[in-house]
Amino acid sequence: MTHAPQPTTRPALILPPFLWGSATAAAQVEGAAHEDGKEDSIWDAFARVPGAIANGDDLEVAVDHYHRTAGDVAIMSELGLDAYRFSTSWARIKPGDRDVNPAGLDFYSRLVDQLLDAGILPWLTLYHWDLPQALEEQGGWTNRDTALRFVDYAEATYEALGDRVQHWTTFNEPFCSSLLGYAVGVHAPGRRDEAAALAAIHHQHLAHGLATTRLRELGAEQIGITLNLTNAIPADPTDPADVDAARRVDGIMNRIFLEPIVLGAYPADVAHDLEGLGLDTLVHDGDLETISAPIDFLGVNHYHDDLVSGHPDDSGADGGHSGATEREAGSPWLASPDISFPSRGLPRTAMDWEVHPAGLRTLLVRLGREYPTLPPLYVTENGAAYDDVVAEDGRIHDVDRDAFIQDHIDQVELAVADGADVRGYFVWSLLDNFEWAYGYDKRFGIVRVDYDTQERTIKDSGLAYARRIAASRVVPAVAELP
Ligand code: FCB
């Protein structure tokens, strides 16, 4: 075991009452995919598979964040952000999962310094889906050993940055990196095997638990995980098939991820549904104690609810769950045929995701009520893709995205008023970027990126977000108080 860092220069942990931030992820923004020692992640390799990514897009340049952090941090300052949620790339820090790459760590070290100099809190995620390809070639997340490799990577990253970074997120949305990657096959590594996906779920849980314990030993103060959670609503609450389908979606999207971590057990009904996929052999003695190591915060990503039916739907509507390309896709709903997502007629974003801001309030309030032992919540992603138009004045009047963000923040405030312990909100995304299998087709940024010139322009939604942040800091004059 290498030495623990000496956190002599650690700044005191002072958080504003409510943290306003924005998020990105390494693979989606950095580019420099093979620079300064970085080697392939599974996404670099997946992008070379014909038909895997819309328009054959790749991650080589992305939005060149790797070379532009100074300017991007200046934009964050202009917006008035308290925090920047970013992820580190395992394949940059430990290319091929071999030795630590000092140049890779230096990049993140510079970024962290730039953020701290600007008074912006670095909010670091260790795994936002970009496993070193060399590990995938040894089975990836179906291989239990990958969890141990993750702990070594977490430790190397902590040793370099732990003196300055206080917030450590182990995983982002393990639902996607297990089920979309190993069962649906529309995300890297592109496999379609239900048993492999279940193994990936368990091994990512294990990696989370082991790393949480190790980071805690090393001195990390704030450790958490980010899950993408939904409200699964039966299309017809009087129809047993719809009720059971909603239970299954709730089980596979929410509870199979939350409950091992929060309660130290897989949900019994889900385990029963998945009999035959090998959960018993995956779970070794002591795993659930490891996985349920205490955490300090839960990141909640939420974009849309799911209206669920247990009947096949021939209309083609799938609630935005299908792929971005013609590539054949499996289903994430393990051992559950006939799950479908009828429309309830709400407006939709460019991802075909319904717009229903009140769902975020419902979700945040439910979480606190259903899991009273949960730590504080942070909305670590929320936002929307729309087809932006650059106006003649060069501005981006993205009224739909602006309304989406403002309406969701309203709902977060209502959730807090209802008693939900929500401490912050991060917009997805700071910048337009590589939207996984959709390539550069879908723009989520509050800052536009011109992909030819890499020029950044704050969209109207970004300007409005900045005004909202500024307004939240104004202490009302005594005369204005009720
Ligand atoms: C989430 C991902 C993020 C981004 C948004 C739109 O599932 O965490 O990287 O792609 O969706």
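Counting convention: from 1, in listed order, for ligands and their atoms alike. For reference, positions follow the sequence shown, starting with 1.
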A.B. asks: Mark up the atoms of ligand 1 that fall under 4.0 Å of a heavy atom belonging to Trp436, in ascending order.
C.D. replies: 3 (C), 4 (C), 9 (O), 10 (O)
A.B. asks: Just jot down the salt bridge (Lys or Arg N to Asp or Glu O under 4.0 Å) partners of Arg144, sequence neighbours excluded, or say none.
C.D. replies: Asp287
A.B. asks: One residue to check: Asn172. Relative to ligand 1, which of side chain, backbone, both or neither has a non-hydrogen atom less than 4.0 Å away?
C.D. replies: side chain
A.B. asks: Near Glu435, which atoms of ligand 1 are under 4.0 Å from a heavy atom of that residue?
C.D. replies: 4 (C), 6 (C), 10 (O)
A.B. asks: Check whether any heavy atom of His128 sits under 4.0 Å from an atom of ligand 1.
C.D. replies: yes
A.B. asks: What residue among Asn301, Asn172, Thr380, Thr170 forms side chain to side chain donor-acceptor pair (under 3.5 Å) with Thr226?
C.D. replies: Thr380
A.B. asks: For Arg247, give me all partners under salt bridge (Lys or Arg N to Asp or Glu O under 4.0 Å), at least two apart in sequence or on another chain.
C.D. replies: Asp244, Asp269, Asp273
A.B. asks: Strictly by modelled atom types, are Gln204 and Tyr127 linked by a side-chain donor-acceptor pair under 3.5 Å?
C.D. replies: no
A.B. asks: Which residue owns the protein heavy atom closest to atom 2 (C) of ligand 1, what's the atom, and how far is it?
C.D. replies: Glu381 OE1, 3.3 Å
A.B. asks: Could you name the option among Tyr303, Phe175, Phe444 that has the heavy atom nearest to atom 5 (C) of ligand 1?
C.D. replies: Tyr303
A.B. asks: Evaluate the side-chain proximity of Arg348 to Val355: yes if any heavy-atom separation is below 4.5 Å, no if none is.
C.D. replies: no
A.B. asks: Among all protein heavy atoms in this structure, tell me which lies nearest to atom 7 (O) of ligand 1, with the distance rounded to 0.1 Å.
C.D. replies: Glu173 OE1, 2.5 Å
A.B. asks: Is the closest side-chain donor-acceptor distance between Glu35 and His67 under 3.5 Å?
C.D. replies: yes
A.B. asks: What atoms of ligand 1 come within less than 4.0 Å of a heavy atom belonging to Gln28?
C.D. replies: 3 (C), 4 (C), 9 (O), 10 (O)
